[in-house]
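Step one of this worksheet: look at the structure below.
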Amino acid sequence: MLFLTRTSIGAVVAGRQCSCVLARWYSQQQTTTTTAGGHSPLNVLDDKISRSEIQSDDHQRRVTAALQTVYDSIQGYSPPKASGGLGKWFSFGKKEPKVQAPKGLYIYGSVGGGKTMLMDMFYDCCSIDRKRRVHFNSFMTDVHTKIHEIKSKQVRDASNTKPQPFDPIKPVAEIITQDSWLICFDEFQVTDIADAMILKRLFTYLFDSGVIVVATSNRAPDDLYKNGLQRSNFIPFIGVLKNHCRVVTLDSGVDYRTATLKGEGMHYFVKSQVDADGAMDKIFKVLCSQENDMIRPKTFTHFGRNISFAKTCGQVLDSTFDELCDRPLGASDYIQISQFFHTVLIRDIPQLNLKLKSQTRRFITLIDTLYDNRVRLVVSSDMPYKSLFSNEKPEDLHTSDEHRMLMDDLKITKDSTDATSNIFTGEEEVFAFERTVSRLAEMQSAEYWSLWEKHR
């Protein structure tokens, strides 16, 4: 398959209890036997409940028991490292023995239920070297980058000889396997056709090499890439995933991230209620006083493109919604931003709706990336965060030329009953924005803001 440029349009949101937002950092920093001694997930859960760090929740205990099963099954397990050179990458027809590995776990459920917290707790308990905890969005961005690099190298190596066909997915899988045989994915969701078309081959290689996967998601496996283009080519991946991961649900009906919040905090300013620009200016001034730099524009060069911002100071970005979401930026661009800036100010967020579908998708991806990297956020908006997205269809909503041509190619009409037509209705945006609202709520809290200093 030819390399496809990744244009991730959705971001996905996993649950983490607001009352224990420090849980993962706390677990990593413990010098007692809680994690350093490799205590099991159930023991750590009981310890956190006894310390009143989290509430007792039967749904979370059931999922933790499933994680305990995975934890027990990998004790003493270690698959062989991927081996072989470039010649091995390009060989065809050679079947290699499959590694019989314990089953992983796929956890799904509604937002804010604690899925990420429990997975991170499991991850911290696993005292092994070859493990990796990664946001699925970041993982796939890295995969596409590696595919591009390998294809480019093959073109250079074959410049003086007849090019030989090869599958770039296998060497990428080998690189991943050499690094980690236990991979914990946060926010497992597929919204990008470039991802959908390679997942079955990629994960088949990983599973056959003995990789164990634990993942959190807001989607059940059968609902992944639900209305995506060419979904029939994606469906075999669901079977591969379910064969190698036990599926459990965590849906207690409680969003712990918003349950303890009483409204907008000091970092979210509604323009009709306060002098939002004045408040943002004051915060930016205070943040600048802590930086060893001057206020100036900054330009990033990323994948050969220049991305400029008009106002930065050290590791603080003072930007607008238009700068961040009204330009063709994708997940990899937002990852770059989150790795450079510890605080991002976003001014003038409008009420988002189906007319602003592309901007809304980018905003969802942006918030998801900032949250996963613990980047601090200050916002001014026309609307409170709970009313930021309207799923009412504007009267003047029209199909873009790009979507119209795509619909023509797929023989889809606006009145079509084919499920594929739902990708143009905004169903995914409505689903994803519920998670974004939950994250925006937590990102206002003092606990969240304190994470950056501890993380750094």
Side-chain angles (χ1 to χ4, degrees), residues 6-14 16 21 24-25 28 116 120 132-145 184-189 191-192 216 257 267-268 283-284 287 290-291 293 298-303 305-347 349 359-379 432 435-436 438-445 447-456:
R6 176 175 173 79
T7 53
S8 182
I9 59 175
V12 278
V13 181
R16 186 177 301 178
V21 71
R24 184 166 185 256
W25 176 86
Q28 292 172 328
T116 297
D120 287 345
R132 182 181 182 188
R133 191 272 190 200
V134 63
H135 191 282
F136 188 70
N137 222 19
S138 301
F139 176 79
M140 291 308 301
T141 297
D142 186 49
V143 165
H144 284 285
T145 300
C184 293
F185 291 110
D186 195 20
E187 316 285 3
F188 200 111
Q189 184 173 2
T191 58
D192 191 305
T216 69
R257 282 199 292 253
H267 309 122
Y268 191 108
I283 290 178
F284 183 65
L287 292 170
Q290 301 169 0
E291 297 293 314
D293 199 357
K298 185 168 184 63
T299 298
F300 292 94
T301 300
H302 186 51
F303 287 134
R305 297 181 296 110
N306 288 334
I307 305 172
S308 299
F309 293 99
K311 192 176 182 181
T312 72
C313 182
Q315 290 183 281
V316 180
L317 170 62
D318 189 352
S319 61
T320 65
F321 177 83
D322 287 349
E323 275 189 305
L324 288 166
C325 301
D326 204 26
R327 293 190 287 177
L329 303 182
S332 62
D333 301 307
Y334 295 138
I335 290 170
Q336 287 291 109
I337 291 170
S338 68
Q339 289 174 348
F340 188 87
F341 298 107
H342 61 64
T343 307
V344 173
L345 286 72
I346 309 177
R347 299 176 186 253
I349 301 177
Q359 294 91 329
T360 299
R361 287 171 170 173
R362 293 185 194 113
F363 182 73
I364 291 169
T365 304
L366 171 64
I367 297 302
D368 180 48
T369 306
L370 297 181
Y371 179 91
D372 193 60
N373 289 278
R374 302 184 181 92
V375 176
R376 299 183 294 191
L377 179 68
V378 186
V379 167
R435 305 187 297 263
T436 303
S438 180
R439 288 199 157 178
L440 284 172
E442 184 181 336
M443 292 171 87
Q444 298 169 43
S445 68
E447 289 90 346
Y448 178 87
W449 268 62
S450 69
L451 280 177
W452 172 257
E453 290 299 329
K454 295 180 175 66
H455 175 61
R456 180 168 59 177

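Scope of the values below: all heavy atoms of this structure, side chains included, with no hydrogens, waters or symmetry mates.
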His135 side chain to Asn373 side chain, donor-acceptor N/O pair below 3.5 angstrom: no
With side chain to side chain contact (heavy atoms under 4.5 Å, CB included) as the test, would you mind laying out the steps for Thr320 and Leu324 before giving the verdict? CA-CA 6 Å; Thr320 65; Leu324 288 166; over 6 Å; no
Can the ring centres of Tyr334 and Phe340 be said to be less than 6.0 Å apart? no
Measure the shortest side-chain to side-chain distance between Thr365 and Leu329 over non-hydrogen atoms and say whether it is less than 4.5 angstrom. no
Kindly indicate whether the side chain of Leu377, heavy atoms from C-beta on, has any atom under 4.5 Å from the side chain of Ile367. yes
For residues Asp318 and Thr312, determine if any side-chain heavy atom of one lies less than 4.5 Å from a side-chain heavy atom of the other. no
Are the side chain of Gln444 and the backbone of Leu440 linked by a donor-acceptor contact shorter than 3.5 Å? yes
Will you find, in the side chains of Gln290 and His342, an N or O donor that is under 3.5 Å from an N or O acceptor? no
Working note: Leu317 + Thr343, criterion side chain to side chain contact (heavy atoms under 4.5 Å, CB included); need CA distance, chi angles, decisive distance, verdict. CA-CA 6 Å; Leu317 170 62; Thr343 307; over 6 Å; no
Tell me the closest heavy-atom pair linking Asn137 and Ala331, and the distance in Å. ND2-CB, 3.4 Å
Do Asp368 and Thr436 have side-chain heavy atoms sitting under 4.5 Å apart? no
Option from Val134, Asp142, Thr141 for which side-chain contact (heavy atoms from CB on, under 4.5 Å) with Ser138 holds: Val134
Please confirm whether the backbone N or O of Glu187 pairs with a side-chain atom of Thr216, one donor and one acceptor, at under 3.5 Å? yes
So does Cys325 get a backbone contact from the side chain of Arg362, meaning a donor-acceptor N/O pair under 3.5 Å? yes
Is the backbone N or O of Met443 less than 3.5 Å from a side-chain atom of Trp449, with the two atoms forming a donor-acceptor pair by type? yes
Taking Ser319 for its side chain and Leu345 for its backbone only, find out whether a donor-acceptor pair lies under 3.5 Å. yes
Contact between Ile346 and Val378 at the side-chain level, heavy atoms closer than 4.5 Å - yes or no? no
Could you tell me if the side chain of Phe309 sits less than 4.5 Å from the side chain of Thr299, heavy atoms only? no
In this structure, OG of Ser308 is separated from NZ of Lys298 (nearest 0.5 Å) by 10.5 Å
Going by the salt bridge (Lys or Arg N to Asp or Glu O under 4.0 Å) test, which pairs reach into residues 323-339, not counting sequence neighbours? Arg305-Asp333
Once rounded to the nearest 0.5 Å, what's the spacing between atom OG of Ser438 and atom OH of Tyr371? 7.0 Å
On a heavy-atom basis, which atom in Tyr448 and which in Arg376 lie closest, and how many Å separate them? CE2-CA, 4.2 Å
Nearest 0.5 Å please: distance from the CD1 atom of Ile337 over to the OG1 atom of Thr369. 9.0 Å
Parallel, tilted or perpendicular, judged at 30° and 60°: which one describes the rings of Phe341 and Phe300? perpendicular
Leu287 vs Ile283 side-chain heavy atoms within contact, under 4.5 Å: yes
Do Arg133 and Asp186 have side-chain heavy atoms sitting under 4.5 Å apart? yes
Using 0.5 Å steps for rounding, measure from the CZ atom of Phe188 to the CZ atom of Phe136. 4.0 Å
